[in-house]
Protein chains: 2
Amino acid sequence: MKFRRSERLIDMTHFLVEHPHELLSLTFFSERYGSAKSSISEDLGIIKETFEQRGIGTLQTVPGAAGGVKFISKVDRESAKHMISDLCSLMESSDRLLPGGYLYMTDLLGDPKVVNKVGKLLASAFAEKEIDLIMTVATKGIPIAHAAANYLNVPVVIVRRDSRVTEGSTVSINYVSGSSKRIQTMVLSKRSIKQGSKVLIIDDFMKAGGTVNGMISLLEEFNAQLAGIGVLVESENAEERLVDEYVSLVKLKDVDVKGKSVKVVEGNYFSSEIPFL
Amino acid sequence: MKFRRSERLIDMTHFLVEHPHELLSLTFFSERYGSAKSSISEDLGIIKETFEQRGIGTLQTVPGAAGGVKFISKVDRESAKHMISDLCSLMESSDRLLPGGYLYMTDLLGDPKVVNKVGKLLASAFAEKEIDLIMTVATKGIPIAHAAANYLNVPVVIVRRDSRVTEGSTVSINYVSGSSKRIQTMVLSKRSIKQGSKVLIIDDFMKAGGTVNGMISLLEEFNAQLAGIGVLVESENAEERLVDEYVSLVKLKDVDVKGKSVKVVEGNYFSSEIPFL
C-alpha cells in the first residue's frame, strides 16, 4: 500500500508525538509507508519546521547508519510564560488556602489539561538531561509525574507512605518532614529501581523540602543517581530549605492563613537553565 | 501569516489529538491558519480518512452554525486484539504472583507505553457514553484513570483510604471489602463531584468487586450517576462478584499461589458492546 504525502504527514505527526525521545530510523518510516527515504526525509523536514514554529517541539537528527530522528517535546519561552501565568491565576484564589499554608489543588491535579501543561513544562525543563526514570510520592504527585513521563518516555516509580501486599518486598526509610519535624516513613518496591539509574524527582508541592529530601535518601539506598528535581509549587515561607537545586513552576508568596490570602507568582523556571525551543 | 496545506495538516493533527472530545469549529481552524473554510474542510476530510485507516480514531462532524468537528480516540477490533494479547503476555509470568492471589503490576503501571495502551482501550470502550468524570481509588488506579481521562477529556477524582489536610473537607463512607470481608473506609473531597455527574469508575484490579462497590456507594452520597466501570484486570476466582456490568481488559485464571502459576487471558472486552472503529 502506497501513501500520499498528506497521509504520511498526518500519521507521522501522530506517531512521533506518541513516541517522544525514541530513535526512529528512516528505514522504519520508509517501510511503514512504502515510500523512498528521500521522500521521508523531506516529510521530516516539513514536520520539524512546523513543530518548531507551532511550539510543539523539535526533531533531533541522529546521523549515521544506526541514526534516525527523535521527537523532543519542548516549549518556547513565550508559551511557557503564558502557561505559567495561567497556572498562577488558576491557583490564586483565596478559597484554595487550607490550614497549615497548604493549597487545595485536587481539582487542578485531576484536570487532564492542567496536568498535561505541567507535564510538558517539567519535561521541557529536563529534555536534554539523561533520565532513566521519574520518581514521585503518592498520591498527588502521580498525575504530573506520569504526564512528564509521557513526554520524556521514561517509567515512573511511586514511593508510598505505607507498604502494601501488591508491591512485593520493599525497601523503607525513615525521614524527618521539613515543616512538621515529625519522623515519617517512605516505602518503595525492591524491584523498582536498577542500580545506577538516573532519576528525576517530581512532586506537586515543596515546602521545606523534607519529602524530596526523603526521596533523595531513598535513591541512595538503591545506589541510584539524582538527575534533577521538578515541582509544580514551592512555598516561599520555608525557613530553611533542605533542597538546593530544583525547578519550580510557581511559588506561593505572602501566605496569610488567618487573613485567607495568598499570592501565586512565577517559580524559578525562567532563572533555571531551560533548553527552550 | 498563511499556512501551506502540509503545515496545516501537521498542526491540525497535533491539535486534534491533544483536544479529544472537544468541539472545534471550522471558524477556529480557519482563523488559526488564515485559510478558507473550504480548505479546512478538505483538510479535515483527509485527516479523518487517515485517522480511521491508521487506527488512531475518528472525526465526528457536528452540523449547523454551532457545529464543527470532534476527535474521538478509538481502536479497531484487530488492534485491540493485539494490544490485549500483548498485555496478557506481559502479565503472565510466574514471578508476578503475590500472596493472596494478587499480581505484581507496579512496573507495568509505571510504564507510560503500557499505561497509554490501557487508557486508550478503556477510553475507546466508553467513547460513545456520556461521561462527566472518571473516579478511581489511590494509588494504583491513578495512572490508567488519567490515561483514559486524557483520551476522553474529562477530569479525574481520586478516592483515598485516609483523609489528608490538603483535601479540605471530605465525605467518607465505610464499606466491606469483597475478598477479606473487612470493614474499610473511603474518603473523597467534598468539592470534587457535582450533583448529577455521570461517573466512569476505573480501577487496576477487581477481585470480588468490594472496592468498586464502595465507590458506587460513594457516588450515591454525592447524588452522582454511575456511567460505567472499566478495569484492567479481573480475577476469575471470585466466589461472588459484587458488581455486574463492567468492562475488563484481561482476566486472571487458574491462580495457583502455592504452585506459583497463573494464566492471563482476555477479559470480557470483546463480549462487551465496544464501539470499535
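Every chain is numbered from 1 and lettered A, B, ... according to where its sequence line falls, protein lines coming before strand lines. Source: prediction; values computed, not measured.
When the candidates B:N116, B:D107, B:I158, B:D111 are compared by the number of heavy-atom contacts under 4.5 Å with chain A, B:N116 comes out ahead. Per-residue counts of heavy-atom pairs under 4.5 Å with chain A were compared for B:V114, B:L9, B:D11, B:N150; the largest is that of B:D11. When B:V17, B:I134, B:V154 are compared by the number of non-hydrogen pairs under 4.5 Å with chain A, B:V154 comes out ahead.
A salt bridge links A:E22 with B:K113: the distance from a Lys NZ or Arg NE/NH1/NH2 to an Asp or Glu carboxylate oxygen falls below 4.0 Å.
Interface residue A:L109: only backbone heavy atoms are found under 4.5 Å from chain B. Using a 4.5 Å cut-off between heavy atoms, A:F51 contacts chain B through its side chain alone, with no backbone atom that close. Heavy atoms of B:H14 lying under 4.5 Å from chain A belong to its backbone as well as its side chain. Heavy atoms closer than 4.5 Å to chain B are found in the side chain of A:S189, but not in its backbone.
Between atom OH of residue B:Y104 and atom OG of residue A:S169 there is a gap of 8.5 Å, rounded to the nearest 0.5 Å. Rounded to the nearest 0.5 angstrom, B:I56 CD1 and A:F15 CZ are separated by 10.0 Å. For the atom pair CZ of A:R4 and CD1 of B:I46, the computed distance is 6.0 Å after rounding to the nearest 0.5 Å. How far OG1 of A:T50 is from CE of B:M12: 13.5 Å, rounded to the nearest 0.5 Å. Of the inter-residue distances, the one linking A:E7 atom CD with B:Q53 atom CD reads 5.5 Å to the nearest 0.5 angstrom.
Shortest non-hydrogen contact noted between A:A149 and B:P112 is O-CG, 4.0 Å.
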